[in-house]
Undergrad: 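Right, I'll just put the structure down here and ask away after.
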Amino acid sequence: MNHLKNIYIILVCSLVFFTCTEETTLETDFEPQTIIFGNLSSGTHNLSVNVSQTVPVDSKQSIPVNDAKVVLYTKSTNEEPSAVLNDFIIIDGVYVSTQPITAVVGNYYWIEVTLADGTLFRSSEEKLLDIVAVENHSFIDDNLRLEISDPESEVNFYITTIYYNSESESSMFTVTSDALFNGNDDAFIEIENIFDNTQFDIEFSNVSFNTYKFFEKLLVQMDTNSIGDDSGPVGLFSSPPVNLKGNIINTSNNKTAIGHFGVLAVAEYSE
Amino acid sequence: MIFPTLGSSVNGFLANSLLKPYEFQSTQQHYTVSGTIKDAASGETLLGANLIVKGLSKGVSSNEYGFYSITLPQNTYTFQVSYLGYVTQDIEINLSENKKIDISLSVDTNQLDAVEIVVESNSKSQVKSLLTGVSTLKTKEIKEIPALLGEPDITRVVLTQSGVSTIGEGASGFNVRGGNIDQNLILLDEAPIYNSSHAWGFFSIFNSDAIKNLTLYKGGIPARFGGRASSVLDIRQREGNDKQFKGEGGIGVLFSRLTLEGPIKKEKLSFLASGRRSYFDLFFPLSGDKEIKNNKVYFYDFNTKLSWAINENNKLFVSGYFGADVMKLNFKGELQEDGTKEQDEKVDFKWRNATTTLRWNHIFSPKLFMNMSGIYSRYNYSLSSENDSGGGPTGSSGSFLWKSSVENFIFKPDFTFYKDSDTKIRFGLNSTLYKFSPAKVESGELGVNNIALDVEKGLEIAPYIEYEKKWNQFSMNAGLRYSWFSNLGPQDVSTYDPNFPKSIGTITKTTSYGSGDVTKSYTGFEPRLALSYSMNDRNSVKLGFNRMYQYIHLISNTFASLPFDIWKPSGIHIKPLIVNQLSVGYAYDTENRNYNFSVEGYFKTFQNIVEYKDGADLFLNKNLETQLLPAKGDSYGIELAAYKTKGKFTGHFNYTYSVTRRKTTSPFQSENISNGDYFPSNFDRPHILNLTSNYKLNKKWNMGLFFTYQTGRPTTYPTGKLYIDGTSYLTYSDRNKYRNPDTHRLDMSFSYAANNPNKKWQGSWSFGVYNLYGRKNAFSTYSTLNADQFKAYKFSVIGSQIPFIAYNFKF
């Protein structure tokens, strides 16, 4: 019987192990692209926007763009658009506003970035939504559960960023839509692998669908980029890989650029 | 004055020489001979058997139920009746009245000797076939092709045909002449099948022992078929032996099968029951690992059919199929350091097909045949998780039950009128009520809602008519189908601001439709035309055109489709897919039809294809249309095929060159894929070469080979890198700008059959190697950025040789 068992297990398991992964080289054409990334949070903060260029896949260093002009615009429902920030300190492609800004719930915000060659990038108008609060927390099976007050009247999308101390200081973020718990009195979000008694700080952001999708793309890439050499059937049931294109348009060619400018209604919560 | 006289004289001559014979013919009495063509041993009806009137260029083929009818002037005729693999029979008939003659053909046992048999039916000739792009395969042919793990597989056999491709090994479904996998109408005894794969795509659901015949229509699709835009795979189950009890089966590495058939009342009422189950999970308990031994992972099929010959003019068939994939996984919670125990968890995942077909054949007269079918088809899946709450608070079990289904209720009366020996008129009605339940989620978790997405219904009604006519060298099948489709409530439909891309942020209003309310209707004329001109007995040219409307769409944004992909009907936001196809062909047979050659070219256009926005979010999305993009496409190609069907060495070679493209057409340029330019479809493989061969070593041994070479499928490669907040990410090329390496594979099999006709038990062995030289064909290419270090990999679903052995038997 043992022989039969061994023969059978070899035959069947061999089917599973017929899959094969090998390292290979890819020959592709590289063309530099401009990346713009920034977030405007509720409350009063200095705005920070990163402008850089893509590099070849085997490069180890970002190429900052230090000669662009950045302007933040806003408008309320009944007002004409106005520039609210146009003075920035530039360090290695990071544009930090010299003045803080207090973002107003219900107002729309967007940025324009003009490169030295005159190319103009403009983000779409994003509304600062209402803040959704984290009410409580608990730990269940090595997961941190955050109880939230999800409003029933609207479809919501959330980004949860956690800063915590484990072996070293860490942070990570998750994205969630309320498709599974819209308006539920006991709505919650779970963050995996946060153990009981971990000290943490949470930034819980109510965001637009566009911002949610952009951060989801970041997460999907982080997952796929970090798989191991023996990860099995990669690609069989995956979707086509996507560029990290968000809500910024290159107005010179009407194409969507790499990057995103998000507007986040942030609720803070700490253990 | 002379001319009128001469004229009248000429007219008189013409009248004497031409009209008189005509008058003679027209006054001569015509009679019809009709009946059923059957297998002499089993009573199985033979569909597509040829009946040719010797000495006249007239003939007829038996229909899907073995029925034939031919009307000729009173005379004595010799009919030659032939069918692939059977002894051709000559029958002399004195046609002095309408006659009903059932014809029985015997299996050509001499084929086993396989040396110098020259029978007309033993040919794959396309010369006399009127339609372009049609392949017919019998079970015997399917079983001769080397198969993965020795299990004859219909989907894999379809993939050996020209013009058919797949995105790769292990992917569900197939692509025909540039069409997506949801554009294939797969019919099992007329019932549509929505998921034709087991084990996530590795095996087809069709048990070859229960199958009589399959026909693949790639072009020249007759008007009686509709509802899918690119192809029809018409699979017919066997009826069961109506003369004696028989059985057959097989024991393989992965699964075993058993078929029983026989008469309940001899030559009146017969049954067929055929089952198949994979059984590797039966060995799980032998494992010492408790994580393995408590699990069950298997699939099974059950085919059944009852055939009742009520009387000469009425037959009733009830057939059914039920198959499922089952995964029951048990995870034991572990004890934690603090003394608490993790939750035990049971996961139960099933997906199932079920069909029932009730058919009534009625012969109104020797010239008028009717089949009326009532069909129910269902595909559903369920995923459930049961937890014991572990150490968590009440309501933290995480238990849920997720269900989704597609159901069809179909009524199809179909009539064939055999007007005369050269004219056949077929007409009828296809009516289908679709019911789509995309997702119903019941949660046992506090804080998680029960969710039920709108059940969507659609009604499709399509009358059709086909007119088939033969002249001396010219044949025509002209058809027209008119399809009407309505999307029915109840459902809530969103309206979007037309100045912005559809998103939940641009909804301007939501309209609620009540039960049965029509939310949107579409109609379309679907002309079909097939023309054939035979230069002589061995050469013919053909032309085909078909327009197809498709009102249901598979929503899937993954390379290989998944069992839990959902279907969605056309409605306010999704227009019907419209495909036009023009095809031309030339067929040539060598003398004695030892070799059959054909070449076909086609051009297809696709309107209103469903494409997906980059990173589309399809999960439980009530506003799915916000994730879709309108698209169009085209495909064209040329297919060369050669068959050798006689002698010890037989084989089939085909080569396809094709191009398949897509282009999204959103008015908002920023959301178009690849900036709105054409891009290759995921399954665009320009060069495909297939070679199937079979060599009869002697009476007992047989060797089969299959070789395929295909251009690598298109893919999207990383082209650059960027950094956001210190984390590196990749940028990618335009969609499908690059290609995976080309693929090729050789499979080999041997079969041994003792062939002792004196023994009731007939056993045979087959063994061989799939992927003989261990080619590592890349299914996908992917990359990683661990610690900012870029690496690229190619993944092969099958990266080594797979040996197999199977024992088959009949009794």
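Chain letters run A, B, ... following the sequence lines, proteins first and then strands; every chain starts at 1. Just the heavy atoms: all of them, side chains too, but no hydrogens, waters or symmetry mates, feed the values below.
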Undergrad: Tell me, for B:K794 versus chain A, whether the close heavy atoms (under 4.5 Å) come from the side chain, the backbone, both or neither.
TA: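 Both parts, backbone and side chain.
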Undergrad: Can you tell which of B:G168, B:G615, B:S503, B:A616 has the highest number of heavy-atom pairs within less than 4.5 Å of chain A?
TA: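 Highest number of pairs under 4.5 Å: B:G615.
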Undergrad: Go through B:L562, B:L620, B:V441, B:N771 and name the one with the most non-hydrogen pairs under 4.5 angstrom from chain A.
TA: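 With the most close heavy-atom pairs to chain A, the winner is B:L562.
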Undergrad: Among B:D788, B:L730, B:T784, whose side-chain contact (heavy atoms from CB on, under 4.5 Å) with A:N225 holds?
TA: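 Between A:N225 and the candidates, side-chain contact (heavy atoms from CB on, under 4.5 Å) is satisfied uniquely by B:L730.
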Undergrad: Are the side chain of B:Y723 and the backbone N or O of A:I63 linked by a donor-acceptor pair below 3.5 Å?
TA: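 Between the backbone of A:I63 and the side chain of B:Y723 there is no qualifying donor-acceptor contact (under 3.5 Å).
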Undergrad: Which one wins on heavy-atom pair count under 4.5 Å against chain A: B:Y717, B:Y738, B:Y732?
TA: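 So the answer, after comparing B:Y717, B:Y738, B:Y732, is B:Y732.
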Undergrad: Go through the atoms of A:N182 and report whether side chain, backbone, both or neither lie under 4.5 Å from a heavy atom of chain B.
TA: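 Its backbone and side chain both get close to chain B.
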Undergrad: At a heavy-atom separation under 4.5 Å, does B:Q789 approach chain A through its side chain, its backbone, both, or neither?
TA: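 Both parts, heavy atoms under 4.5 Å.
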Undergrad: Measure distances from A:F209 to the heavy atoms of chain B and classify the residue's part below 4.5 Å as side chain, backbone, both or neither.
TA: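 The answer is the side chain of A:F209.
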Undergrad: Is the closest side-chain heavy-atom distance between B:D614 and A:N243 below 4.5 Å?
TA: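 Side-chain contact under 4.5 Å: no.
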Undergrad: Can you tell me which of B:K721, B:Q669, B:E671 forms the most heavy-atom pairs within a distance under 4.5 Å of chain A?
TA: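 Among the listed options, the one with the most contacts to chain A is B:K721.
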Undergrad: Is the backbone of A:E23 close enough, under 3.5 Å, to the side chain of B:K791 for a donor and an acceptor to pair up by distance?
TA: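 Judged by distance alone, no pair lies under 3.5 Å.
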Undergrad: Are any non-hydrogen side-chain atoms of A:E31 and B:T719 less than 4.5 angstrom apart?
TA: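 Not touching, per the 4.5 Å side-chain cut-off.
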Undergrad: With a 4.5 angstrom heavy-atom cut-off, is it the side chain or the backbone of A:L218 that approaches chain B, or both, or neither?
TA: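 Both parts, backbone and side chain.
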Undergrad: Side chain, backbone, both or neither: which part of B:A778 has a heavy atom under 4.5 Å from chain A?
TA: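 Contact with chain A is absent: no heavy atom of B:A778 under 4.5 Å.
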Undergrad: Could you tell me if the side chain of B:K622 sits less than 4.5 Å from the side chain of A:V155, heavy atoms only?
TA: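 A side-chain contact under 4.5 Å is absent here.
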Undergrad: Would you check if A:P240 and B:F559 make a side-chain contact, meaning some heavy-atom pair closer than 4.5 Å?
TA: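 They are in side-chain contact.
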Undergrad: With a 4.5 angstrom heavy-atom cut-off, could you sort out which part of A:P56 is near chain B: side chain, backbone, both or neither?
TA: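 When you check distances to chain B, only backbone atoms of A:P56 fall under 4.5 Å.
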Undergrad: In terms of heavy-atom proximity below 4.5 Å to chain B, should A:K217 be classed as side chain, backbone, both, or neither?
TA: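 Side chain only.
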Undergrad: Can you tell which part of A:Q33 gets under 4.5 Å to a heavy atom of chain B, answering side chain, backbone, both or neither?
TA: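 Side chain only.
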Undergrad: Can you check whether anything in residues 253-262 of chain A gets within less than 4.5 Å of chain B, heavy-atom wise, and list it by number?
TA: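 Hits under 4.5 Å: A:N254, A:K255, A:T256, A:I258.
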Undergrad: Would you call A:I35 and B:Y729 a side-chain contact if the rule is heavy atoms closer than 4.5 Å?
TA: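 Counting from C-beta outward, A:I35 and B:Y729 never come under 4.5 Å.
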Undergrad: Side chain, backbone, both or neither: which part of B:S728 has a non-hydrogen atom closer than 4.5 Å to chain A?
TA: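 Looking at B:S728, just its backbone touches chain A.
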Undergrad: Pick one of side chain, backbone, both or neither for A:Q61, based on which atoms fall under 4.5 Å of a heavy atom in chain B.
TA: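 When you check distances to chain B, only backbone atoms of A:Q61 fall under 4.5 Å.
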Undergrad: Under 4.5 Å from any heavy atom of chain A, what part of B:N675 do you find: side chain, backbone, both or neither?
TA: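 The side chain, not the backbone.
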Undergrad: Between B:E445 and A:R145, does any side-chain N to carboxylate O distance fall below 4.0 Å?
TA: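 Counted as a salt bridge, because a side-chain N and a carboxylate O are separated by less than 4.0 Å.
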Undergrad: Do the non-hydrogen side-chain atoms of A:F188 and B:V448 ever get within less than 4.5 Å of each other?
TA: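 A side-chain contact exists here, since the closest heavy-atom pair is under 4.5 Å.
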Undergrad: Side-chain contact, heavy-atom cut-off 4.5 Å: A:L26 with B:F790?
TA: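 Yes, their side chains come closer than 4.5 Å.
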Undergrad: Under a 4.5 Å heavy-atom cutoff, which of B:I724, B:I673, B:T716 has the most pairs with chain A?
TA: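 Of the options given, most contacts go to B:I724.
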